[in-house]
Protein chains: 2
Amino acid sequence: MSIGIRIALNNGLYLKDPQDSKLGKKIIQHSINLIDDFGFECFTFKKLSESIQCTEASIYRYFENKHLLLLYLMNWYWEWVNYLISINTMNVNDPQKKLKIIIHSFVFASNDNPVVEFVNETKLQNIVIAEGGKTYHTKKVDHENSKGFFNSYEVLVNSLSQVILEINPEFRYPYALATNMFEMTNNQIYFAKHLPRLTDISVEENEVNELEEMLNYFLAKLLA
Amino acid sequence: MSIGIRIALNNGLYLKDPQDSKLGKKIIQHSINLIDDFGFECFTFKKLSESIQCTEASIYRYFENKHLLLLYLMNWYWEWVNYLISINTMNVNDPQKKLKIIIHSFVFASNDNPVVEFVNETKLQNIVIAEGGKTYHTKKVDHENSKGFFNSYEVLVNSLSQVILEINPEFRYPYALATNMFEMTNNQIYFAKHLPRLTDISVEENEVNELEEMLNYFLAKLLA
DNA sequence: AAAAAATGATAGTAATACTATTATTTAAAT
DNA sequence: ATTTAAATAATAGTATTACTATCATTTTTT
């Protein structure tokens with residue numbers, strides 16, 4: 001019955017694949033709602049179980065803890081953006097065009113037609129913006145990295161860095177620049193909403209045109 | 001007996017000024033050690049009180065909770081960098097030179113001679129890098145911003161953005177660029193240490209020369 | 001020496017982050 | 001359709017966290 005794609009994720013992220021069951025999908029759906037509404041600190045498996053109307057123990061059969069659930073959501077997002085980029089740049093050869101498409105893909109990732117019915121991409125992007133950094137700012141980062149929990153992000157960064165080098169093979173910091181474009185996107189949207197003195201752009205109602213323009217402006221100067 | 005400067009901080013950050021007493025200074029000193037060693041998530045006032053050999057209740061007389069203590073430390077850092085920048089750029093008129101000095105000041109903030117004996121600047125910078133974002137990625141950010149808890153960061157960003165405009169008055173995003181230089185600094189140091197595929201630079205033993213070079217490279221291109 | 005301020009000692013509570021066990025329901029295989 | 005297996009519910013329990021409260025004692029200031 002389901003028409004959507006299935007996002008392939010590192011299976012060390014979960015104990016039981018949430019995409020395989022009704023309850024699993026509800027866990028993803030409701031956790032996205034709750035984290036978006038109340039923030040990751042306030043989010044608990046108890047509240048999630050109340051929201052879903054299941055028991056706490058059932059959730060623990062899918063995810064070891066809330067940190068890994070967040071990392072699962074981040075991986076979902078990274079894979080989703082990878083997917084958008086790959087379908088949008090298919091058959092595009094001009095690297096300048098590719099660059100513009102990549103930027104557009106991740107800046108507007110939340111506006112694209114949702115492909116998986118239990119994931120609200122808009123809310124997911126809000127979570128990436130507000131909570132994403134917490135997945136790797138942990139003492140466990142090295143251990144989790146060794147398990148490949150950040151591979152999807154690295155793939156994303158790698159795609160962008162390749163295009164950067166196609167445009168300017170002399171550019172000395174393709175990975176740093178690629179990473180920075182992603183991080184800057186999240187930061188600037190967040191600052192526009194909460195600490196506006198730290199940015200020049202405004203983001204009203206998730207209208208991110210100004211941000212896209214700024215990223216293109218930065219990249220044009222850097223890669224000239 | 002104390003020779004150092006006294007860092008002036010927003011008094012809403014604490015219940016009782018830790019700079020005013022022996023115990024207060026110990027709280028700052030030991031919290032820096034503990035957060036650096038074990039991470040902010042593992043850090044509790046219980047562990048802090050054991051480390052200091054005081055009671056938990058005493059710590060609560062200084063700080064409402066560990067989040068505000070972290071925000072206090074961040075503010076300390078921002079003020080410290082503001083101080084470094086202002087003394088290092090005193091009597092410097094050439095904006096290009098000022099820019100270089102500002103960059104050097106915050107990239108090497110931890111290497112400067114410590115001025116306050118109970119604050120280990122190297123460890124504090126590690127905390128800023130690894131935990132800093134957690135201070136504003138909270139549901140309370142708007143409320144705390146309205147109390148001025150991010151003013152010191154805004155002052156920092158403002159100083160840099162003014163120099164950016166002096167160099168290139170046409171540059172369209174001075175605040176975003178300034179903010180991004182600070183955020184990028186922290187991110188790239190962190191990635192070099194933990195997720196090296198996300199960057200091009202290496203940082204061994206807090207040796208950040210490559211980072212400084214990269215920031216200058218980015219800024220030169222952007223402000224040309 | 002008296003008063004005020006700071007800290008210690010102790011206790012207690014609600015919430016968090018789990019783990020464990022057994023019962024019941026649902027789905028799959030034969 | 002029946003048996004078996006898998007998933008979930010129901011319930012209970014524990015150690016830790018993040019506090020708050022009270023009163024005694026020590027230290028500092030006047």
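Values below: all heavy atoms of this structure, side chains included; hydrogens, waters and symmetry mates excluded. Throughout, protein chains are lettered first and strands after them, A, B, ... in sequence-line order, and every chain is numbered starting at 1.
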Give the ring-plane orientation class for B/Phe45 versus B/Phe43, where under 30° counts as parallel, over 60° as perpendicular and anything between as tilted. perpendicular
Separation of B/Leu23 atom CG from D/dT28 atom P, in whole Å? 12 Å
Can you pull the salt bridge (charged side-chain N to carboxylate O under 4.0 Å, His left out) pairs that have at least one residue in residues 125-144 of chain B, sequence neighbours excluded? B/Glu41-B/Lys134, B/Glu131-B/Lys134
Whole-Å gap separating C1' (D/dA18) and CG (B/Leu70): 16 Å
Roughly, in whole Å, what's the span from CG in A/Asp20 to P in C/dA28? 11 Å
For A/Glu56, the salt bridge (Lys or Arg N to Asp or Glu O under 4.0 Å) test, sequence neighbours excluded, returns none
Examine D/dT8: is either OP1 or OP2 under 4.0 Å from a nitrogen or oxygen in the side chain of A/Ser58? Give yes or no. no
To the nearest 0.5 angstrom, please state how far the CD1 atom of B/Ile59 sits from the CG atom of B/Leu69. 8.5 Å
Separation between CG of A/Leu84 and CD of A/Glu121, rounded to the nearest 0.5 Å: 8.5 Å
Interatomic distance where NZ belongs to A/Lys22 and P belongs to D/dA9 [whole Å]: 12 Å
So which protein N/O to nucleotides 14-18 of chain C N/O distances come out below 3.5 Å?
{"unit_1": "C/dC18", "atom_1": "O5'", "unit_2": "A/Tyr60", "atom_2": "OH", "d": "3.2"}

Side-chain N or O of B/Tyr62 versus OP1/OP2 of C/dA6: is the shortest distance under 4.0 Å? no
Check the distance between D/dC19's P and B/Leu69's CG and give it to me in whole angstrom. 12 Å
Do any N or O atoms of the protein come closer than 3.5 Å to N or O atoms of nucleotides 25-27 of chain D, and which pairs are they?
none

Looking at A/Lys16, does any N or O in its side chain come under 4.0 Å of the phosphate oxygens OP1/OP2 on D/dA6? no
Answer yes or no: are there more than 12 heavy-atom neighbours, outside B/Lys26 itself, under 6.0 Å from its atom NZ? no
What is the separation between atom CG on B/Leu15 and atom C1' on D/dA21, rounded to the nearest whole Å? 16 Å
Nearest-angstrom distance from the residue atom NE2 of B/His67 to C1' of D/dT17: 17 Å
Qualifying residue for ring-ring contact (aromatic ring centres under 6.0 Å, His included) with A/Phe182, from A/Tyr77, A/Trp78, A/Phe106: A/Phe106
To the nearest Å, how far apart are B/Lys26 NZ and C/dG8 C1'? 14 Å
In Å, rounded to the nearest 0.5 Å, how long is the span from CH2 of B/Trp80 to CD1 of B/Ile7? 7.0 Å
Taking only residues two or more places apart in sequence, or in another chain, which ones meet B/Glu183 in a salt bridge (Lys or Arg N to Asp or Glu O under 4.0 Å)? none
Could you check, using the six-membered ring where one of them is a Trp, whether A/His137 and B/Tyr190 have ring centers closer than 6.0 angstrom? yes
Within residues 29-37 of chain A, find the residues that approach DNA chain C with a heavy atom at under 4.0 Å, and present them sorted by residue number. none
Out of curiosity, B/Leu15 CG to B/Asn65 CG, how far, rounded to the nearest 0.5 Å? 9.0 Å
